[in-house]
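Structure first, then comments.
Only this structure's heavy atoms are used, side chains among them; waters, hydrogens and symmetry mates stay out. Chain letters run A, B, ... following the sequence lines, proteins first, then strands; residues in each count from 1.
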2 protein chains.
Amino acid sequence: MSESDETGGEAAAMEEALRSEGVRLTRQRRAILQVLAEAADHPDAPELHRRVQEADDTVSLATVYRTLSVLETKGVVQRHAFEGAPARFETADAPHHDHIIDLDSREVIEFTSPEIERLQKEIARRHGYEVVSHRLELYCRKRR
Amino acid sequence: MSESDETGGEAAAMEEALRSEGVRLTRQRRAILQVLAEAADHPDAPELHRRVQEADDTVSLATVYRTLSVLETKGVVQRHAFEGAPARFETADAPHHDHIIDLDSREVIEFTSPEIERLQKEIARRHGYEVVSHRLELYCRKRR
DNA sequence: GTTTGTATTGCAACTCATTCGCAACTGCAG
DNA sequence: CTGCAGTTGCGAATGAGTTGCAATACAAAC
């Protein structure tokens, strides 16, 4: 544990959480978890697969998809399906946030707005609903 | 024109707009436009196809998709890709709105919030961006 | 350690929504 | 009317993601 840095610790913490949920920890899952914890961006499944294979080229794309599903249902990973693009993934360490998508670079910026959050709840209530989940994405271009 | 009601007028208005944009008005496109104008809900392509075929069973699903693309680029139709479901469509008559999706009935309720809209622009600006488009969806359940 | 039963994997085949190639057809400008 | 570029129907192709199945590998019990 002396050699672990932040992302190393993150992956380890996730493994811990998964083990206690009865998820079997395989070589493949460890590798995927590791790469995801190290990722600063929001990779899609094929990109994740590519990165995982650098460390372990026996991992198949199917397993990447299956593992992502497991991790998502266990609350360890978040899936985002942005407009007209394959789904992208990130670790669910940060509490909650919405996204700005840079239309030119496809870069993703995270933000939170308690104010918007509050207004959403209020609007739902006004219509007789309660919010189970929501999706807020701003497709943007850099201002010059 | 004496027998036309609101939706009839809506379809006619759209045809007008399209003709002036140089879009060729075929029997199929008229039928699709008509059905869309009459729809109170947000049908997906196969459902739209089903409804169109009641009036004209020579219209193919491929043409429904192609027509929807044309109508979308001409700004006459709006496409919405809600979570984990095929895209759904509506006429772009109302100015702009976001959606509440009833998770149980799949019903869609429209709403607007100038306040949220304003906050979105502000957030984008704070990050050096300007909003090109956005997507705000509230996945909800009825309150009891 | 070894055994063992079940979860997990790799592969290839499959699904689902949507798009495309192409030959036949048809609005509509002249 | 004519002509031809824009449209259509068909079925085949695509792209993202899922699944059946036999082989494999966790990890709990010995």
Integer-rounded Å distance: [N] [atom2] and [X] [atom1]:
X     : N      : atom1 : atom2 : value
A:R27 : D:dA25 : CZ    : P     : 7 Å
A:F89 : D:dG17 : CZ    : P     : 6 Å
A:D56 : D:dA25 : CG    : P     : 12 Å
B:L68 : D:dT7  : CG    : P     : 15 Å
B:L61 : D:dG9  : CG    : P     : 10 Å
A:L18 : D:dC26 : CG    : C1'   : 15 Å
B:K74 : D:dG6  : NZ    : P     : 12 Å

Evaluation steps, salt bridge (charged side-chain N to carboxylate O under 4.0 Å, His left out), between B:R125 and B:E122
CA-CA 5 Å; B:R125 169 167 305 141; B:E122 194 181 308; over 6 Å; no
Assess the side chains of A:R27 and A:T58: does a donor N or O sit below 3.5 Å from an acceptor N or O?
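Looking only at side-chain atoms, A:T58 and A:R27 do form a donor-acceptor pair, the distance falling under 3.5 Å.
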Hey, are A:E117 and A:H96 close enough side-chain-wise for a donor-acceptor pair under 3.5 Å?
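Yes, because at least one side-chain N or O of A:H96 sits under 3.5 Å from a partner of the opposite role on A:E117.
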[N] OP1/OP2 closer than 4.0 Å to side-chain N/O of [X]:
X     : N      : result
A:Y65 : D:dT18 : no
B:T63 : D:dG9  : yes
A:Q28 : D:dC26 : no
B:T67 : D:dT7  : no

Return the 5'-most residue of the pair B:A62, A:A62 with respect to DNA chain C, ranking by each residue's nearest nucleotide.
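Mapping each residue to its closest nucleotide by heavy atoms, the 5'-most match is A:A62.
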For A:R66 and A:P46, find the nucleotide of DNA chain D closest to each by heavy atoms; which residue's nucleotide sits nearer the 5' end?
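Between the two, 5'-proximity favours A:P46.
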Under 4.0 Å from any heavy atom of chain B: name the first and the last nucleotide of DNA chain C that qualifies, 5' to 3'.
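Listed 5' to 3', the contact boundaries are C:dA17 to C:dC28.
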Say whether, by atom type as modelled, one donor and one acceptor occur between the side chain of A:E90 and the main chain of A:D41 under 3.5 angstrom.
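Flag not set: sc A:E90 to bb A:D41 has no pair under 3.5 Å.
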Do B:Y129 side-chain atoms and B:K121 backbone N/O form a donor-acceptor pair below 3.5 Å?
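Not a single qualifying donor-acceptor pair exists.
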Between D:dC26, D:dT18, D:dG9, which nucleotide has the shortest distance from any of its atoms to the side chain of B:S60?
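Closest nucleotide to the B:S60 side chain: D:dG9.
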Charged N-O contact under 4.0 Å between B:D44 and B:R51
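No, B:D44 and B:R51 are not salt-bridged.
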Answer whether the closest heavy-atom distance between the side chains of B:L68 and B:V77 falls below 4.5 Å.
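Sidechains of B:V77 and B:L68: in contact.
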Can you pull out how bent the helix from C:dG1-D:dC30 to C:dG30-D:dC1 is, comparing the axes over its first five and last five pairs, to 10°?
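About 30°, once rounded to a multiple of 10°.
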Ring centroid separation A:H99 to A:F82 under 6.0 Å:
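Distance test on ring centres: under 6.0 Å, yes.
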